[in-house]
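Single-structure report; data block below.
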2 protein chains.
Amino acid sequence: MKLKDPKKTELIYAATLRLVKQHGLTALNMAAIGKEAKLGMGTLYVYFKSKEELINSLFKHLKQLNTARIYSSVKPNAPFKVNVKELYDNYIFNRVNFYEEHFFIEHCSGSHFLDKEARKLDESAFTGVFELLNRGKSELLVKEIDNALLIAHMMGSANELVNFCMQQKIKINKSFLDKTFSLCWDSIKK
Amino acid sequence: MKLKDPKKTELIYAATLRLVKQHGLTALNMAAIGKEAKLGMGTLYVYFKSKEELINSLFKHLKQLNTARIYSSVKPNAPFKVNVKELYDNYIFNRVNFYEEHFFIEHCSGSHFLDKEARKLDESAFTGVFELLNRGKSELLVKEIDNALLIAHMMGSANELVNFCMQQKIKINKSFLDKTFSLCWDSIKK
DNA sequence: AATATAAGCGAATAATTATTCCATAATTGA
DNA sequence: TCAATTATGGAATAATTATTCGCTTATATT
């Protein structure tokens with residue numbers, strides 16, 4: 001008997017991401033995915049039982065990938081500010097280099113497609129930053145403002161900066177990261 | 001002859017906003033809008049020639065409303081920091097009190113529905129802030145960073161803070177606005 | 001009050017898009 | 001090599017949803 005080809009799943013995922021980036025989630029349809037992935041319509045239904053399952057499956061896959069990527073290079077023993085900068089750079093870098101993925105994630109979050117499991121996954125990604133900020137407060141380096149607000153502030157800023165750069169086709173380099181990090185650091189430092 | 005009822009347009013707009021907030025833009029359809037607005041399907045097409053036109057029309061309407069609301073109370077002669085705070089408060093207040101509207105706007109922005117005119121309108125909303133920041137720089141109060149980046153930073157922060165509060169059902173009061181404004185001000189001040 | 005004109009409605013139709021089905025091809029295991 | 005099984009592709013079908021149509025109703029104008 002013939003076995004499923006694991007590469008086909010990736011092909012379908014990649015095609016979906018490209019299409020959503022180009023035409024938005026609202027315009028996404030199975031025929032287009034098939035064409036973009038160079039697969040027959042029927043093949044899509046071998047790998048996913050419905051459009052909804054395809055979207056949920058891809059969403060969960062991306063969430064897991066991204067959480068892992070952000071924290072990977074942070075060294076616990078480094079000075080506080082160094083760690084914050086490392087995390088900041090990772091976060092921005094990640095968002096730029098996997099822009100399609102984040103675009104997809106954001107548009108799914110406000111759609112009716114996601115099931116409960118996917119929505120739960122969406123929340124738990126920031127425990128690492130939480131702990132880092134607590135350390136900053138104990139070292140008297142960070143303002144005494146609720147961590148959730150500090151995170152929302154920094155994340156919101158970073159997301160919007162990346163979106164702006166992508167729209168304007170501005171390349172993000174070290175100077176950009178240093179400049180915009182100064183905005184973030186000055187805002188949270190005591 | 002019978003004249004169009006301007007209230008019907010508002011009814012349709014309001015129904016659309018409720019539906020998009022509840023089920024997302026992807027699930028929006030004309031039958032649902034008719035039902036929610038308590039109007040017949042055909043009536044929708046008296047007021048709008050297509051679903052696309054409805055969405056674009058509502059988008060432009062909201063953009064104009066919001067631009068006006070944000071700048072309305074700003075007094076040109078006040079000190080720079082006072083103006084920035086006024087704008088900040090207005091912006092947050094606006095986003096909280098017209099959450100449905102902003103939810104709709106954001107989801108449209110990433111969809112394939114918007115025409116060129118609507119997309120242009122989307123950009124021009126920040127000329128007022130642009131000029132204010134130039135004033136801040138000339139008074140040596142603001143860092144020498146590209147205005148577009150400063151705006152993306154502040155707007156991103158504000159948007160995410162509001163989203164967070166709405167999700168957690170946190171009420172926004174004066175103390176919240178003062179606390180979070182300190183984040184923004186400290187980040188851009190020289 | 002009569003008339004003309006357009007609003008208002010929702011069933012019927014058209015268009016789009018998800019899903020299934022079937023013929024064919026490929027691959028595993030015997 | 002030969003079944004047996006399942007993937008593959010795309011045409012056919014089903015389901016959903018946008019749009020039109022023909023009728024009724026309301027109301028501005030005379």
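A, B, ... follow the sequence lines: proteins, then strands. Residue 1 opens every chain.
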Is a side-chain donor-acceptor pair under 3.5 Å present for [Y] with [X]?
{"X": "B:Asn29", "Y": "B:Lys51", "answer": "no"}
{"X": "A:Tyr88", "Y": "A:Thr180", "answer": "yes"}
{"X": "A:Arg95", "Y": "A:Asn159", "answer": "yes"}

* Structure fact -> Whether each nucleotide of nucleotides 25-30 of chain C has a protein heavy atom under 4.0 Å at its base (B), only at its sugar-phosphate (S) or at neither (-) is summarised, 5' to 3', as -SBB--
* Letter per nucleotide, 5' to 3', of nucleotides 12-24 of chain D [B base touched, S only sugar-phosphate touched, - untouched; heavy atoms, 4.0 Å] -> -----SSBB----
* To do: Take atom NZ of A:Lys143 as the centre, draw a 6.0 Å sphere, and report whether it contains more than 12 heavy atoms from other residues, nucleotides or ligands.
  => yes
* Gap between atoms CZ and P, on B:Phe48 and C:dG8 respectively (whole Å) -> 12 Å
* Asked: Taking NZ from B:Lys4 and P from C:dA6, how many angstroms apart are they, rounded to a whole number?
  -> 11 Å
* Derivation of the ring-ring contact (aromatic ring centres under 6.0 Å, His included) call for A:Tyr13 and A:Phe48 -> CA-CA 11 Å; A:Tyr13 280 167; A:Phe48 303 96; 5.8 Å; yes
* Worked check of side-chain contact (heavy atoms from CB on, under 4.5 Å) between B:Lys63 and B:Glu101 -> CA-CA 9 Å; B:Lys63 269 286 166 185; B:Glu101 298 188 4; over 6 Å; no
* Are OP1 or OP2 of C:dA7 and a side-chain N or O of B:Thr43 less than 4.0 angstrom apart? -> no
* Lys NZ or Arg CZ of A:Lys85 over A:Phe181 ring: under 6.0 Å, within 45° -> yes
* **Ring-face cation contact, A:Phe80 with A:Arg135, 6.0 Å cut, 45° max** => no
